[in-house]
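To start, the structure itself, in structure tokens.
Convention: sequence-line order gives letters A, B, ...; per-chain numbering from 1.
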Number of protein chains: 2
Amino acid sequence: MEDALTLLRRFGIQPTPQRIAVVEYVLNTAAHPAADEVLENVRRKCPTVSRATVYNTLNLLVEKRLIRSQVLREGTTVFDPSIEKHHHFVDDESGRIVDIPWKALKVIGQENLRGFEVREYQVIVRGRRRKTR
Amino acid sequence: MEDALTLLRRFGIQPTPQRIAVVEYVLNTAAHPAADEVLENVRRKCPTVSRATVYNTLNLLVEKRLIRSQVLREGTTVFDPSIEKHHHFVDDESGRIVDIPWKALKVIGQENLRGFEVREYQVIVRGRRRKTR
DNA sequence: GTTCGTGCAAACGGTTTGCAACAAT
DNA sequence: ATTGTTGCAAACCGTTTGCACGAAC
């Protein structure tokens with residue numbers, strides 16, 4: 001696992017303690033956190049970070065393609081450390097978001113949608129996480 | 001085409017001029033409007049409508065399953081008069097949303113996602129509308 | 001006359017921005 | 001010296017809410 005410092009350098013982002021803390025959190029969680037969840041968790045390590053810095057950093061990371069922002073939750077943007085193509089499951093009750101591996105689902109037909117230049121697509125599945133198993 | 005008044009009655013919603021105006025607009029547009037776009041358009045017919053009434057009405061229509069709200073645009077909820085299952089195309093540049101008929105795409109594999117009870121799923125396609133044809 | 005709907009304005013929650021202090025180069 | 005980064009507070013934008021007035025049963 002590449003450390004946050006060299007990762008930031010590799011992406012041409014000046015590494016600061018705040019940015020390192022954000023990257024360390026956001027790249028090591030499977031939760032798809034909103035900005036405020038990132039803030040909350042980053043403050044555990046780095047209690048002085050401001051909300052603005054977290055927002056700025058997250059936007060910067062998105063811009064530099066280190067993470068992606070996703071429109072999955074009503075009212076808030078969530079951030080996704082997974083850069084590779086994948087689908088999403090959204091839990092109806094908790095709103096929790098789980099990655100679905102790309103090969104778990106296959107979409108047929110998008111290649112002959114006339115009139116559209118497809119840049120990307122994903123399946124969004126909603127429902128409940130099963131209690132059993 | 002059923003008129004707005006009887007439609008509202010059929011869904012157990014007390015018909016008022018404002019609600020009729022909202023329904024008439026939102027059920028006859030292919031654009032997937034945000035609340036403010038609804039407000040703007042409804043005001044052409046009914047210039048006194050308030051923002052609150054539009055929001056209240058839209059939420060009521062969603063609750064009564066006359067329309068659906070969709071999380072497709074960053075920062076705002078859009079409303080979709082199409083109740084049947086379908087997919088969505090989102091234009092990268094304009095943000096414009098277009099319905100993709102259910103049968104145009106086929107998703108394979110969602111039935112054997114272990115650990116999830118699937119309530120619904122849809123494909124979200126992003127890209128550009130092609131200029132040609 | 002009680003219930004329901006409306007319009008206004010204030011409140012709210014997530015996000016962005018302006019700015020002054022402060023590194024880093 | 002210049003440029004970039006931070007933290008704070010204010011601004012912003014979409015949405016919800018409290019409330020008084022008015023309409024409908």
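- With sequence neighbours excluded, no residue forms a side chain to side chain donor-acceptor pair (under 3.5 Å) with Gln14(A).
- For Phe79(A), the ring pair (Phe, Tyr, Trp, His ring centres under 6.0 Å) criterion is met by no residue, not counting sequence neighbours.
- A salt bridge is defined here as a Lys NZ or Arg NE, NH1 or NH2 lying under 4.0 Å from an Asp or Glu carboxylate O, and Asp91(A) with Arg126(A) fails to meet this definition.
- Think of Ile100(A) as one node in a network of Ile, Leu, Val, Met, Phe, Trp and Tyr side chains linked at under 4.5 Å; its network also takes in Phe89(A), Val98(A), Trp102(A), Leu105(A), Val107(A), Leu113(A), Phe116(A), Val118(A), Tyr121(A), Val123(A), Val125(A), Phe89(B), Val98(B), Ile100(B), Trp102(B), Leu105(B), Val107(B), Leu113(B), Phe116(B), Val118(B), Tyr121(B), Val123(B), Val125(B).
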Polar atoms only, N or O, under 3.5 Å: list the protein pairs with nucleotides 19-22 of chain C and their distances.
none

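- Side-chain contact between Pro33(B) and Val78(B) is absent, with no heavy-atom pair separated by less than 4.5 Å.
- Within a heavy-atom distance below 4.0 Å of DNA chain D, the residues of residues 37-48 of chain A found are Thr48(A).
- Checked against ring pair (Phe, Tyr, Trp, His ring centres under 6.0 Å), Tyr55(A) has no partners two or more places apart in sequence or in another chain.
- Ion pair Glu37(B)/Arg51(B) not flagged as a salt bridge, since none of the NZ, NE, NH1 or NH2 atoms sits closer than 4.0 Å to an Asp/Glu carboxylate oxygen.
- In summary, the side chains of Thr77(A) and Glu74(B) do present a donor paired with an acceptor at a separation below 3.5 Å, with no hydrogens or angles considered.
- When the C1' atom of dT17(D) is taken as reference, atom CG of Leu58(B) falls 17 Å away, rounded to whole Å.
- For the pair Leu8(B)/Arg19(B), a side-chain contact is recorded, criterion being any heavy-atom separation below 4.5 Å from C-beta on.
- By the side chain to side chain donor-acceptor pair (under 3.5 Å) test, Asn56(A) is found to be paired with no residue, residues two or more places apart in sequence or in another chain being considered.
- Take the nearest nucleotide of DNA chain D for Ala52(A) and for Asn56(B): the residue whose nucleotide is more 5' is Ala52(A).
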Please tabulate the protein-to-nucleotide N/O contacts below 3.5 Å involving nucleotides 13-15 of chain C, giving atom names and distances.
unit_1  : atom_1 : unit_2   : atom_2 : d
dG14(C) : O3'    : Thr76(A) : OG1    : 3.4
dT15(C) : OP1    : Thr76(A) : OG1    : 3.3
dT15(C) : OP1    : Thr77(A) : N      : 3.1
dT15(C) : OP2    : Tyr55(A) : OH     : 2.5
dT15(C) : O5'    : Tyr55(A) : OH     : 3.3

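- Less than 4.0 Å separates DNA chain D from at least one heavy atom of each of the following residues of residues 8-23 of chain A: Gln14(A), Thr16(A), Gln18(A), Arg19(A).
- Residue pairs meeting the ring pair (Phe, Tyr, Trp, His ring centres under 6.0 Å) criterion with at least one partner in residues 2-32 of chain B, sequence neighbours excluded, are His32(B)-His88(B).
- The salt bridge (Lys or Arg N to Asp or Glu O under 4.0 Å) search around Asp92(B) returns Arg119(A), not counting sequence neighbours.
- Remark: Arg96(B) engages no residue in a salt bridge (Lys or Arg N to Asp or Glu O under 4.0 Å) (not counting sequence neighbours).
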